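In what follows, residues are counted from 1 in the order of the sequence shown. What you see is a predicted model, and the numbers here were worked out from it, not measured in a lab.
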Amino acid sequence: EPIPMATEEELPQRPPPLIEIGPDFLGTGNIPDGFELPTGAVWTPALWVYGSYRTAVQTYNPGGPGDPDTTTEWANRLDLFGNLQLTGTERLLIGISPLRDEGEFSGYTFSPDGQDGWDNEFNANITTLFFEGEIGEIFPELDPGDSGIFDLGFSVGRQPLFFQEGMLIDDTTDAVALTRDTVIIPGLTVDTRITALWGWSEVNRDDNDEDDDAQLFGLFTEGDWGNHTVQFDAAYVDSDDDGLNLGAASTQRLAIFGKTVNSSFRINQSWALDDETQEVSTGTLLFAELNVTPYGTNNVLYTNAFWGIDEFSSASRDETAGGPLGRTGILFSAVGLGEYGSALSNRPDNVVGAAIGYQMFWNDERTQVILETGGQLGTRDTTRDEAAVGARFQQAIGDRFVLRLDGFVSAEESGDAGYGARTEFVTQF
């Protein structure tokens with residue numbers, strides 16, 4: 001029998017954004033009449049201001065040879081966004097991060113000696129500013145029969161880019177993109193998306209530093225082929241040191257020993273078309289993800305593995321994004337706040353490695369714990385073997401707050417052990 005729909009009184013109360021002018025975000029009730037443009041489009045403007053504030057006290061020592069310093073700090077990050085929603089497909093988004101300047105954050109450094117003191121990175125730089133929409137919705141008279149020929153999405157401005165789960169591109173770039181969605185190839189694909197992109201500024205290279213001369217060109221596709229979601233992506237960076245990247249991926253559910261396993265397999269290739277530098281190099285990254293929900297639970301058991309052949313480099317990476325291996329697990333990922341680094345190197349230069357973790361949920365998923373172990377082996381004498389164990393605890397508090405605790409211990413084949421611990425408080429508004 002059908003389950004009756006919940007009434008408005010039975011649903012949890014909607015926490016509104018910081019500022020809400022016009023129609024409510026995820027609100028109920030009638031849609032306003034709006035106004036009609038000369039093109040025939042009808043806009044119902046709404047302004048929503050929202051964001052997040054992160055504050056953390058953390059200590060970090062990467063370990064290894066050379067007796068590295070321990071960094072202990074209080075770091076802060078504030079991300080504010082203003083979203084001018086015009087229709088379901090058209091909007092203007094502006095964002096600032098007033099406590100962060102590139103890869104530096106406001107706060108206080110306690111150690112090491114000589115670097116202690118206040119860190120003031122306050123600024124009014126615009127970190128996000130783009131408009132996106134659909135040509136067929138802005139100019140409905142171009143296709144009165146709604147055949148879909150003008151169902152072309154576009155975006156222009158400073159916008160986040162994320163392809164191949166961040167291995168190919170993970171950056172915010174001044175770019176213009178044109179997307180054709182719902183492309184159906186009879187007998188082959190159900191739905192395919194094709195995006196062409198040109199980024200003319202704010203392009204960071206694989207070393208997480210901005211290249212003032214770089215321009216990014218990309219062609220990105222994603223489609224449902226049978227039971228698989230398949231991606232084929234290409235990116236070219238034109239600069240003093242040119243680079244070419246290709247990526248392919250397949251995501252699907254597999255039946256293994258009678259159990260449904262979620263899986264994803266990726267191969268990414270980079271070529272340095274001129275000299276190999278810290279910005280661009282030649283290499284291959286093979287990546288596999290498997291996860292399953294154990295019977296009788298809502299928990300997740302996962303294992304992710306990689307093989308870096310030579311020195312793969314991403315086409316574009318943000319200052320706080322870390323390296324391409326961040327997807328492997330919490331031991332490899334960058335926290336994006338302060339000088340706290342990853343437990344294990346997230347650079348895929350001549351290494352093979354994996355992470356195995358278990359994510360547990362309680363209290364209607366308001367409490368979660370991740371336990372993870374991982375490591376990597378160098379395939380050449382220039383790369384070191386390393387391993388680590390780590391944990392993460394997260395607790396939702398009310399509707400807008402999250403308490404997060406992280407910790408790890410790592411070891412290398414030579415040098416001292418590494419360690420890290422942090423307490424973070426997140427406010428969503």
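Residues Asp224 and Thr229 have side chains that bring a donor and an acceptor to within less than 3.5 angstrom of each other. Under 3.5 Å, the side chains of Tyr358 and Asn299 contain a donor-acceptor pair of N or O atoms. No hydrogens or angles considered: a donor-acceptor pair under 3.5 Å links the side chains of Asp211 and Ser239. Looking only at atom types and distance, the side chain of Asn83 has a donor-acceptor partner in the side chain of Gln85 under 3.5 Å away. Side-chain contact, Gln395 with Thr367: a donor N or O sits under 3.5 Å from an acceptor N or O. In summary, the side chains of Gln269 and Thr284 do present a donor paired with an acceptor at a separation below 3.5 Å, with no hydrogens or angles considered. For the residue pair Ser270 / Asn245, no side-chain donor-acceptor distance below 3.5 Å is found, with atom types taken as modelled.
Thr282 places a side-chain N or O within 3.5 Å of a backbone atom of Ala272 that can act as its donor or acceptor partner. The backbone N or O of Gly323 sits less than 3.5 Å from a side-chain atom of Asn346, completing a donor-acceptor pair. The backbone N or O of Gly153 lies less than 3.5 Å from no partner atom in the side chain of Glu132, so there is not a single donor-acceptor pair. Looking only at distances, no side-chain donor or acceptor of Gln164 sits under 3.5 Å from a matching main-chain atom of Arg266.
Within 6.0 Å of atom OH in Tyr108, more than 12 heavy atoms from other residues, nucleotides or ligands are found, so the atom counts as buried in its surroundings. Open room surrounds CD1 on Ile149; 12 or fewer heavy atoms of other groups in view lie less than 6.0 Å from it. The environment of CD in Glu413 is crowded: more than 12 heavy-atom neighbours from other residues, nucleotides or ligands sit within 6.0 Å. Applying the 6.0 Å contact sphere to CG of Asn227 captures no more than 12 heavy atoms from other residues, nucleotides or ligands. The 12-atom threshold is exceeded at CZ of Arg366, counting heavy atoms of other residues, nucleotides or ligands nearer than 6.0 Å.
You'll find the side chain of Asp101 stays beyond 4.5 Å of the side chain of Glu319, heavy atoms only. Phe130 has its side chain within reach of Arg91: a pair of non-hydrogen atoms, C-beta onward, lies under 4.5 Å apart. Between Val261 and Asn291 there is no side-chain heavy-atom pair separated by less than 4.5 Å. With a 4.5 Å cut-off on side-chain heavy atoms, Phe105 and Glu121 do not count as touching. When side chains are defined from C-beta on, Arg347 counts as touching Asp206, because their heavy atoms get closer than 4.5 Å. Between Trp271 and Tyr236 there is no side-chain heavy-atom pair separated by less than 4.5 Å. The shortest side-chain heavy-atom distance between Thr87 and Glu137 does not fall under the 4.5 Å cut-off. Within the 4.5 Å cutoff, the side chain of Thr70 has heavy atoms near those of the Tyr419 side chain.
The aromatic rings of Phe220 and Phe163 sit parallel, their planes meeting at an angle under 30°, below the 60° perpendicular limit. Aromatic ring orientation, Tyr60 versus Phe408: tilted (interplanar angle from 30° to 60°). Note on ring orientation: taking the six-membered ring where Trp is involved, the planes of Tyr50 and Phe81 are parallel (angle under 30°, cut-offs 30° and 60°). Trp48 and Phe25 have perpendicular rings, their planes meeting at more than 60° on a 0 to 90° scale where under 30° would count as parallel.
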Verify salt bridge (Lys or Arg N to Asp or Glu O under 4.0 Å) between Arg193 and Asp181, making sure each step is shown before the conclusion.
-> CA-CA 4 Å; Arg193 168 191 54 80; Asp181 206 349; 6.0 Å; no
Asp174 vs Arg158, salt bridge (Lys or Arg N to Asp or Glu O under 4.0 Å): CA-CA, chis, key distance, verdict = CA-CA 4 Å; Asp174 293 340; Arg158 186 163 299 172; 2.6 Å; yes
In sequence, state the C-alpha distance, the side-chain angles, and the governing distance for Leu161 and Leu197, and then conclude on side-chain contact (heavy atoms from CB on, under 4.5 Å).
-> CA-CA 10 Å; Leu161 306 177; Leu197 178 141; 3.6 Å; yes
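The shortest non-hydrogen separation linking Asn298 to Glu365 is CB-OE2, 4.3 Å. Closest non-hydrogen pair, Asp318 versus Asn208, comes out as O-ND2, 2.7 Å. Across every non-hydrogen atom of Glu202 and Asp171, the tightest pair is O-OD2, 3.7 Å. In plain terms, the two heavy atoms of Glu73 and Leu337 that are nearest each other are OE2-O, 4.5 Å. Shortest non-hydrogen contact noted between Glu210 and Asp212 is OE2-OD1, 3.4 Å. The nearest pair of heavy atoms linking Gln428 to Ser52 is OE1-CB, 3.5 Å.
Between Arg205 and Asp213 no salt bridge is recorded (no basic side-chain N to carboxylate O distance below 4.0 Å). Salt-bridge annotation for Arg384 and Glu386: absent, with no side-chain N of the basic residue lying under 4.0 Å from a carboxylate O of the acidic one.
Under the side chain to side chain contact (heavy atoms under 4.5 Å, CB included) test applied with Tyr53, the options Leu80, Leu99, Val426, Asp79 reduce to a single match, Leu99.
Under the side chain to side chain contact (heavy atoms under 4.5 Å, CB included) criterion, Ala355 pairs with Thr328, Phe332, Glu372, sequence neighbours left out.
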